[in-house]
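Below is one structure, written out as structure tokens; the observations come after it.
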Amino acid sequence: MAQAEKRYGIGEVQELLKKEFPDITISKIRFLEKEGLIKPERTESGYRKYSRANIKQLGYILRLQREEYLPLSVIKKKIQDLRSGKVVAGDLAVMSGQTGDIAVTDAPVSLDL
């Protein structure tokens with residue numbers, strides 16, 4: 001029987017992202033969800049549970065904000081382009097974290113939700 005992928009709580013996600021993004025807050029993570037940029041799973045009791053792909057996507061969003069000063073509407077379009085297969089050359093390096101490292105081992109590069 002296959003073992004289920006580990007899911008992370010919002011506090012754990014914040015701690016993982018703090019290494020590269022020291023100013024990240026739980027409020028910011030919730031805001032990005034509210035804006036439709038990420039979509040974590042929810043438990044029956046309503047708690048957010050983030051996959052490794054969600055954490056990679058958060059890192060991608062935060063890098064685009066920090067390094068390219070892009071507004072959320074442009075970042076949302078880039079994510080849609082990535083999902084549809086229209087990848088812009090520099091996006092894979094930013095998305096995969098080659099400009100910085102989030103300590104989530106074996107995290108996939110896909111943005112599957």
Side-chain angles (χ1 to χ4, degrees):
M1 186 184 276
Q3 186 177 4
E5 178 187 355
K6 177 172 171 44
R7 300 287 186 223
Y8 299 84
I10 197 165
E12 293 173 300
V13 172
Q14 179 191 23
E15 286 303 312
L16 290 169
L17 292 170
K18 268 190 174 183
K19 184 180 240 182
E20 185 178 350
F21 307 100
D23 296 336
I24 188 69
T25 63
I26 289 174
S27 296
K28 171 92 176 199
I29 297 168
R30 286 181 181 142
F31 174 77
L32 293 172
E33 178 187 358
K34 181 181 168 207
E35 292 297 310
L37 292 162
I38 58 169
K39 187 172 180 163
E41 292 178 16
R42 294 283 186 142
T43 65
E44 287 183 25
S45 55
Y47 289 101
R48 294 167 177 86
K49 289 296 180 180
Y50 296 84
S51 67
R52 291 177 176 162
N54 292 145
I55 297 168
K56 281 288 194 180
Q57 185 172 347
L58 276 166
Y60 173 66
I61 293 163
L62 296 169
R63 276 184 219 98
L64 287 175
Q65 285 185 311
R66 178 184 67 200
E67 296 167 12
E68 298 187 26
Y69 307 102
L70 296 178
L72 294 180
S73 60
V74 173
I75 293 171
K76 192 179 237 181
K77 174 74 169 108
K78 283 182 168 285
I79 290 170
Q80 290 168 348
D81 288 348
L82 286 167
R83 285 185 183 143
S84 68
K86 301 179 202 172
V87 179
V88 179
D91 285 343
L92 281 177
V94 175
M95 182 177 71
S96 67
Q98 292 177 4
T99 59
D101 186 31
I102 297 174
V104 178
T105 58
D106 301 324
V109 176
S110 77
L111 295 178
D112 296 335
L113 293 178

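Separation of atoms CG (Leu72) and CG (Leu64) is listed at 10.0 Å; rounding is to 0.5 Å. Taking CD1 of Ile75 as the start and CZ of Arg63 as the end, the distance is 11.5 Å to the nearest 0.5 Å. Rounding to the nearest 0.5 Å places NZ of Lys77 at 10.0 Å from CG of Leu82. Atom CG of residue Leu17 and atom OG1 of residue Thr25 lie 11.0 Å apart, to the nearest 0.5 angstrom. Atom CG of residue Leu32 and atom CG of residue Asn54 lie 12.0 Å apart, to the nearest 0.5 angstrom.
One N or O on the side chain of Gln57 and one on the backbone of Leu37 form a donor-acceptor pair closer than 3.5 Å. With Asp81 contributing its side chain and Lys78 its backbone, the two residues share no donor-acceptor pair below 3.5 Å.
Considering only residues two or more places apart in sequence or on other chains, Glu35 meets the side chain to side chain donor-acceptor pair (under 3.5 Å) condition with none of them. With sequence neighbours excluded, the residues that form a side chain to side chain donor-acceptor pair (under 3.5 Å) with Ser45 are Thr43. Every residue two or more places apart in sequence or in another chain that forms a side-chain contact (heavy atoms from CB on, under 4.5 Å) with Ile26 is listed here: Ile10, Gln14, Arg30. Contacts of Lys6 classified as salt bridge (Lys or Arg N to Asp or Glu O under 4.0 Å), with partners at least two apart in sequence or in another chain: Glu12. Checked against salt bridge (Lys or Arg N to Asp or Glu O under 4.0 Å), Lys76 has no partners two or more places apart in sequence or in another chain. Taking the salt bridge (Lys or Arg N to Asp or Glu O under 4.0 Å) definition, one finds that Arg7 meets it with Glu5, Glu41, sequence neighbours left out. For Pro22, the side-chain contact (heavy atoms from CB on, under 4.5 Å) test picks out no residue, with sequence neighbours left out.
Side-chain contact check for Arg42 versus Arg48: some heavy-atom pair is nearer than 4.5 Å. Between Ile79 and Tyr60, the closest side-chain pair of non-hydrogen atoms falls below 4.5 Å. Between Tyr50 and Leu16 there is no side-chain heavy-atom pair separated by less than 4.5 Å. Side chains of Ile38 and Ile29 form a contact here, defined as non-hydrogen atoms less than 4.5 Å apart. Under the 4.5 Å side-chain criterion, counting only non-hydrogen atoms from C-beta, Leu62 is not in contact with Glu20.
Linking Ile, Leu, Val, Met, Phe, Trp and Tyr residues whenever their side-chain heavy atoms come within less than 4.5 Å leaves Ile55 and Tyr47 in two separate clusters.
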